[in-house]
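In what follows, a single structure is set out as structure tokens and then discussed.
Every value quoted in this text rests on a predicted model; they were computed, and no experiment measured them. Atom set for the values below is all heavy atoms of this structure, side chains included, hydrogens, waters and symmetry mates excluded.
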There are 2 protein chains.
Amino acid sequence: MMELTRKGEYAIRGMIYLARQAPGKMALISEIAEATEVPQTFLAKIFQNFAKLGLVNSYRGTGGGFMLGRAASRITLREVVEAVEGPIIPNRCLMGNGACDFDRQCNVHPVWRRVQSQVVQILESVTIEELAR
Amino acid sequence: MMELTRKGEYAIRGMIYLARQAPGKMALISEIAEATEVPQTFLAKIFQNFAKLGLVNSYRGTGGGFMLGRAASRITLREVVEAVEGPIIPNRCLMGNGACDFDRQCNVHPVWRRVQSQVVQILESVTIEELAR
DNA sequence: CACCTTTAGGACCTGTTTTGTCTTTTATAT
DNA sequence: ATATAAAAGACAAAACAGGTCCTAAAGGTG
């Protein structure tokens with residue numbers, strides 16, 4: 001249960017790699033992929049999306065590449081994980097789409113809420129900068 | 001991320017239903033399935049497995065059915081969840097099959113450990129009896 | 001014993017998600 | 001112009017989720 005997908009794992013590795021670059025230095029996707037042992041085209045997809053979200057900045061053409069969108073100390077693990085995996089939701093009924101009317105009736109509900117809040121809290125408390133050290 | 005599957009959800013519902021039965025009273029799979037709104041054959045599979053694990057007792061033939069394998073107060077939510085979903089493992093590298101040699105090198109590793117232990121702790125602290133009240 | 005009831009076990013199936021690949025396009029620097 | 005890199009989109013194999021269906025086996029009952 002609750003397994004991070006490869007995509008998530010890859011994303012974290014890539015971001016840590018970027019965090020370890022000298023400030024302002026660009027890294028090619030080919031370089032990142034090789035260093036982190038991630039399939040290049042797959043990582044490219046992940047980073048394309050991250051660029052849209054502002055988690056990384058991307059530049060095309062000669063001398064282009066990727067760098068972090070902001071200081072590694074201001075990017076949390078939670079942000080990275082949720083960017084690839086979607087929100088942290090231990091049970092469908094927490095999705096808040098009204099699918100679950102058990103909010104008041106069901107005793108399991110608050111347990112999932114606790115799980116959710118604990119996990120979010122842990123991931124939120126860790127920054128990419130810490131992971132890159 | 002970390003979503004419980006339907007199977008897990010169904011299993012919990014079924015166990016709670018059993019916990020609400022009068023002590024020693026047998027419940028038919030057809031009855032449980034209907035009451036909990038779970039596809040009968042699917043629930044049957046889940047409970048077959050639970051019978052092997054001792055989480056429920058099953059009896060065939062007329063007057064047969066299912067009942068809890070022990071007091072509801074001695075069955076934790078963790079046990080039920082892990083019985084259907086497998087161990088709670090936020091990242092593959094925690095599986096301990098030697099697949100991950102990052103144990104000492106990787107900074108993310110201890111974060112996943114913390115997540116794992118927190119979630120396990122929460123689910124462990126809740127019994128089916130509490131959920132059935 | 002014959003028969004009915006109820007779970008056990010196994011085979012099978014369908015749709016979705018994961019984990020990618022491949023090709024073409026667009027932007028940029030030289 | 002040309003070379004370089006990321007962007008975008010189509011495609012696909014494999015695994016997983018979420019079931020169904022059929023037969024077998026066990027246990028009561030008349």
Quiz item: Tell me: CG of B:L43 to P of C:dT7, nearest whole Å?
Solution: 10 Å
Exercise. Classify the nucleic acid contact of A:K45 as base, sugar-phosphate or nothing, counting any heavy atom under 4.0 Å across all strands shown.
Key: base
Quiz item: With a 4.5 Å heavy-atom cut-off, do B:E124 and B:L77 have their side chains touching?
Solution: no
Quiz prompt | Polar side-chain atom of A:N107 near backbone of B:R133 as donor-acceptor pair, under 3.5 Å | solution = yes
Quiz item: So what does B:S58 hit on the nucleic acid, given a heavy-atom distance under 4.0 Å: a base, only sugar-phosphate, or nothing?
Solution: sugar-phosphate
Quiz item: If you check the B:T5 side chain, which of D:dA17, D:dG19, D:dA7 turns out closest?
Solution: D:dA17
Quiz item: Start at the 5' end of DNA chain C and walk down; is the nucleotide closest to A:G61 or to A:R6 reached first?
Solution: A:R6
Quiz item: Would you say D:dG19 has OP1 or OP2 under 4.0 Å from some side-chain N or O of B:Y10?
Solution: yes
Quiz item: What is the distance from CE of A:M26 to P of D:dA6, rounded to the nearest Å?
Solution: 10 Å
Quiz item: Contact class for A:Y59 vs. all strands (heavy atom < 4.0 Å): base, sugar-phosphate, or nothing?
Solution: sugar-phosphate
Quiz item: Counting side-chain heavy atoms from CB outward, which of D:dG19, D:dA8, C:dT6 is closest to B:F42?
Solution: D:dG19
Exercise. Give the rounded distance in Å between these two atoms: CG of B:N57 and P of D:dG27.
Key: 13 Å
Exercise. In whole angstrom, give the distance that lies between atom CD1 of B:I46 and atom C1' of C:dA8.
Key: 15 Å
Quiz prompt | Per B:T41 side chain, nearest of listed nucleotides D:dC21, C:dA8, D:dA6 | solution = D:dC21
Quiz prompt | Minimal non-hydrogen separation, B:T76 against B:L123, with atom names | solution = CB-O, 4.1 Å
Quiz item: Taking only N and O in the side chain of A:T62, is any of them less than 4.0 Å away from OP1 or OP2 of C:dT30?
Solution: no
Exercise. Let me know the distance between CD of B:E9 and C1' of D:dG19, rounded to the nearest Å.
Key: 16 Å
Exercise. Please evaluate the base of C:dT7 for a donor-acceptor partner in the side chain of B:R60 within a cut-off of under 3.5 Å?
Key: yes
Exercise. Starting from P on C:dG10, measure out to CD on B:Q48 and report it in whole angstrom.
Key: 9 Å
Self-check item: A:A132 backbone acceptor or donor facing A:R20 side chain under 3.5 Å
Solution: yes
Quiz item: Over how many whole Å does the gap from A:Q40 atom CD to C:dT21 atom C1' extend?
Solution: 12 Å
Quiz prompt | Length of the line joining B:F47:CZ and C:dT6:P, which is rounded to integer Å | solution = 17 Å
Quiz item: Would a 4.5 Å heavy-atom cut-off, applied to side chains only, mark B:F47 and B:L18 as touching?
Solution: yes
